[in-house]
Colleague: 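Below is the structure I would like to discuss, written out as structure tokens.
What you see below is based on every heavy atom in this structure, not just the backbone, and it leaves out hydrogens, waters and symmetry mates. Nothing here was measured: the structure is a model prediction, and the numbers come from that model.
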Amino acid sequence: MTTPLTMAPSRRPDGTPVLTVSGEIDMSNAGELDSALSGASVEGHALLVDLSEVEYLDSAGLTVLFAHAPRIELVANDLLAPVLTISGLVQVTTVHGMES
């Protein structure tokens with residue numbers, strides 16, 4: 001059984017925009033993630049995309065993240081760390097929360 005994708009926009013006290021994402025990101029909902037990232041107002045800040053509650057990320061989700069890499073930073077969990085590393089995403093955007 002899949003966990004539905006949920007996304008919640010917010011802002012940190014310093015004005016940094018945050019998109020908290022949870023559930024599973026796959027080809028059935030990658031377009032929703034793309035729309036949320038495209039529609040986020042960043043106003044001089046990188047958009048912080050918190051993926052710490054994401055349980056699954058497939059190539060469609062990675063494609064979306066790569067497309068937005070110049071304007072986002074990611075917060076990852078240990079489950080996603082190998083996927084982000086092997087894909088090369090860690091080389092094109094800042095990723096927080098991964099063990100070195």
Colleague: Looking at Ala40 and Leu47, what are the two nearest heavy atoms and their distance?
Modeller: CB-CD2, 3.6 Å
Colleague: Determine whether Val75 and Leu33 fall in the same hydrophobic cluster, where Ile, Leu, Val, Met, Phe, Trp and Tyr are linked whenever their side-chain heavy atoms lie under 4.5 Å apart.
Modeller: no
Colleague: How close do Glu55 and Leu79 get, heavy atom to heavy atom, and via which atoms?
Modeller: O-CD2, 3.1 Å
Colleague: Could you tell me whether the side chain of Asp26 and the main chain of Ala60 form a donor-acceptor pair under 3.5 Å?
Modeller: no
Colleague: Among Ile72, Thr85, Leu74, Val49, exactly one meets side chain to side chain contact (heavy atoms under 4.5 Å, CB included) together with Val95. Which residue is that?
Modeller: Leu74
Colleague: Taking all non-hydrogen atoms of both residues into account, name the closest pair between Leu89 and Phe66 and its distance.
Modeller: N-CZ, 3.5 Å
Colleague: Quick one: does Val83's side chain get under 4.5 Å of Leu62's, heavy atoms only?
Modeller: yes
Colleague: What are the two closest heavy atoms between Arg11 and Gly15, and how far apart are they?
Modeller: NH1-O, 2.6 Å
Colleague: Which heavy atom of Ser52 sits nearest a heavy atom of Asp50, and at what distance?
Modeller: OG-OD1, 2.6 Å
Colleague: Do the non-hydrogen side-chain atoms of Ser38 and His68 ever get within less than 4.5 Å of each other?
Modeller: yes
Colleague: Treat each ILVMFWY residue as a node, draw an edge where side-chain heavy atoms are under 4.5 Å apart, and state whether Ile25 and Val18 are in one component.
Modeller: no
Colleague: Is the side chain of Thr16 donor-acceptor paired with the backbone N or O of Arg12 at a distance under 3.5 Å, no angle test?
Modeller: no
Colleague: Could you tell me whether the side chain of Asn77 and the main chain of Leu80 form a donor-acceptor pair under 3.5 Å?
Modeller: yes
Colleague: Going by the side chain to side chain contact (heavy atoms under 4.5 Å, CB included) test, name the single residue among Thr20, Leu65, Leu19 that passes it with Leu51.
Modeller: Leu65
Colleague: Which value, rounded to the nearest 0.5 Å, describes the distance between Glu32 atom CD and Leu5 atom CG?
Modeller: 5.5 Å
Colleague: Under the 3.5 angstrom rule, does the side chain of Asp34 hit a backbone N or O of Leu37 as a donor-acceptor pair?
Modeller: no
Colleague: Would you name the heavy atoms of Pro17 and His45 that are closest together and state the gap between them?
Modeller: CD-CB, 3.5 Å
Colleague: Can you tell me if Glu53 has over 12 outside heavy atoms packed within less than 6.0 Å of its CD?
Modeller: no
